[in-house]
Amino acid sequence: MTAMNLLDGRIASAKILDNIAANSVLVTKQKGRAPHLSIILVGNDGASETYVGSKIKTCERVGFSSTLIRFDNTVSEKELIDKIREINSDSEIDGLIVQSPLPAHISFTNITNAIEPSKDVDGFNPINTGRMVQNIPSFIPATPKGILLLLEYYKITTTGKKCVVIGRSNIVGMPVSILLARNSDPGNCTVTICHSKSIDIPAQTKDADIIITALGKPGFLTSEMVKEGAVVIDVGISRVADASKKSGFRLSGDVDFQEVAPKCSYITPVPGGVGPMTIAGLLSNTLSAALGEFYSR
Ligand code: NAP
């Protein structure tokens, strides 16, 4: 049986955040102000409040300043874009994110298009996506960036490996597939992307050295779908009813952890795997924005 190792996102992200904090001190000295992240939050969705709260707390931890701009669910797309344009031209703000989901009457595409690429620390603006595809340094969406940082931290070899990604969303599945196929390290994988129209996903995963699940279906990946020694990265976070919890639910990944873990060489837990790495990815992007790394201003 394979010796299983945990890809612990709490440990890896703590180290990365310490490094960001050290760099934050230097940037603050250099610029006369701390790196600054602005967050726009529309409405009061519970999960979004939690994510935004932990982004703000983590900014404090690394010595960044942050601003939270709240809008009502009834805000118009124009009002939101006007605010984005104001932030785009504010030289005191380095990075801007708009927390998703947005209300149905607002186009996520129009919003991400409005964010100045040099401040687009979520990496959703098509300019950053295009640069990512062409392997030009740019902001990479926070979760895929966090996954790359985790692979690097645990020194997982990706070159030449067969990688199966389940899920093709613009925020996780598609970018992580592109990144792992790029001519870079981490990267250089032979990547297969699966989605809801794929036929016989187990036939793909059984052969994979690295499996990334990003579909949001609790316990989807079972042990018969995984080969001995595989690296499994579980991005999924779903709330599953659990009467034994005070909240009435527990968080579940896309992987049947109990069954799958004994077969893996490395596996991420949920929670405590990709989640903390996502925030590390976002703040690493914000530091890059403050340093003007990818775009000259
Ligand atoms: P999404 O936009 O809903 O995309 C889900 C993807 O999974 C789609 O491409 C869909 O295929 C595919 N899919 C759905 N059911 C499937 C099935 N039965 N078999 C194969 N593919 C299937 O979700 P997302 O935003 O990428 O998020 C995915 C999960 O990751 C969610 O649980 C989310 O909460 C979690 N997440 C976690 C973090 C983190 O920091 N840890 C960050 C972001 C997201 P189609 O394209 O064909 O519809």
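Counting convention: from 1, in listed order, for ligands and their atoms alike.
The closest side-chain heavy-atom distance from Leu179 to Met132 is below 4.5 Å. Looking at heavy atoms from C-beta onward, Ile201 lies in side-chain contact with Ile166 at the 4.5 angstrom threshold.
When Ile279, Leu283, Leu282, Thr67 are each tested for a side-chain contact (heavy atoms from CB on, under 4.5 Å) with Cys59, only one passes: Leu283.
When heavy-atom distances to ligand 1 are checked against a 4.0 Å cut-off, Asp254 has no atom that comes that close, whether in backbone or side chain. Within the 4.0 Å heavy-atom criterion, both parts of Val235, backbone and side chain, lie near ligand 1. At a heavy-atom cutoff of 4.0 Å, ligand 1 is contacted by the side chain of Lys217 but not by its backbone. Counting heavy atoms closer than 4.0 Å to ligand 1, residue Leu215 contributes atoms from both its backbone and its side chain.
Heavy-atom contacts of Ile171 reach the following atoms of ligand 1: 25 (O) (cutoff under 4.0 Å). Annotation for ligand 1: atoms under 4.0 Å from non-hydrogen atoms of Gly236 are 29 (C), 30 (O), 32 (O), 35 (C). Of all the atoms in ligand 1, the ones that sit under 4.0 Å from a non-hydrogen atom of Ile166 are 20 (C), 21 (N). Under a 4.0 Å criterion applied to the non-hydrogen atoms of Ile201, ligand 1 contributes the atoms 19 (N), 20 (C). Heavy-atom proximity to Thr278, at under 4.0 Å, picks out these atoms of ligand 1: 39 (C), 40 (O).
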Salt bridge (Lys or Arg N to Asp or Glu O under 4.0 Å) assessment of Glu116 paired with Lys119 | CA-CA 5 Å; Glu116 157 63 38; Lys119 295 192 179 188; over 6 Å; no
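Given atom 26 (O) of ligand 1, the protein heavy atom at minimum distance is Ser169 OG, 2.5 Å. Atom 44 (C) of ligand 1 has its closest protein heavy atom at Val172 CG2, 3.9 Å. Considering only non-hydrogen protein atoms, atom 21 (N) of ligand 1 sits nearest to His195 C, 3.1 Å. In this structure, atom 46 (O) of ligand 1 lies nearest to the protein heavy atom Arg168 NE, 2.7 Å. Of the protein's non-hydrogen atoms, Gly216 N, 3.7 Å is the one closest to atom 29 (C) of ligand 1. The single protein non-hydrogen atom nearest to atom 48 (O) of ligand 1 is Ser196 OG, 3.6 Å, given as residue, atom name and distance. For atom 18 (N) of ligand 1, the closest non-hydrogen atom on the protein side is Phe220 CE1, 3.8 Å. Of the protein's non-hydrogen atoms, Ile237 O, 3.1 Å is the one closest to atom 34 (O) of ligand 1.
Using a distance-only test at 3.5 Å, with no hydrogens or angles considered, a donor-acceptor pair links the side chain of Asp120 to the main chain of Phe124.
Environment of CG in Asn113: crowded, with over 12 heavy atoms of neighbouring residues, nucleotides or ligands closer than 6.0 Å.
Asp209 has no carboxylate O lying under 4.0 Å from a charged side-chain N of Lys161, or vice versa, which leaves the two without a salt bridge. The residues Asp94 and Arg33 are annotated as salt-bridged, a charged nitrogen and a carboxylate oxygen being separated by less than 4.0 angstrom. Lys57 has no carboxylate O lying under 4.0 Å from a charged side-chain N of Glu60, or vice versa, which leaves the two without a salt bridge.
Follow the hydrophobic side-chain contacts under 4.5 Å out from Phe294 and you reach Val27 in the same cluster. Placement of Val42 and Phe108 within a single hydrophobic cluster is found when ILVMFWY residues are connected by side-chain heavy-atom separations under 4.5 Å, directly or transitively.
For the pair Arg131 and Phe139, the cation-pi test (distance below 6.0 Å, angle within 45°) is failed.
Less than 4.0 angstrom separates atom 24 (P) of ligand 1 from at least one non-hydrogen atom of the protein.
Around atom 6 (C) of ligand 1, the closest heavy atom drawn from Gly167, Ser252, Ser238, Ala142 belongs to Gly167. Within the set Pro271, Gly281, Ala214, Gly275, the minimum heavy-atom distance to atom 28 (C) of ligand 1 is found for Ala214.
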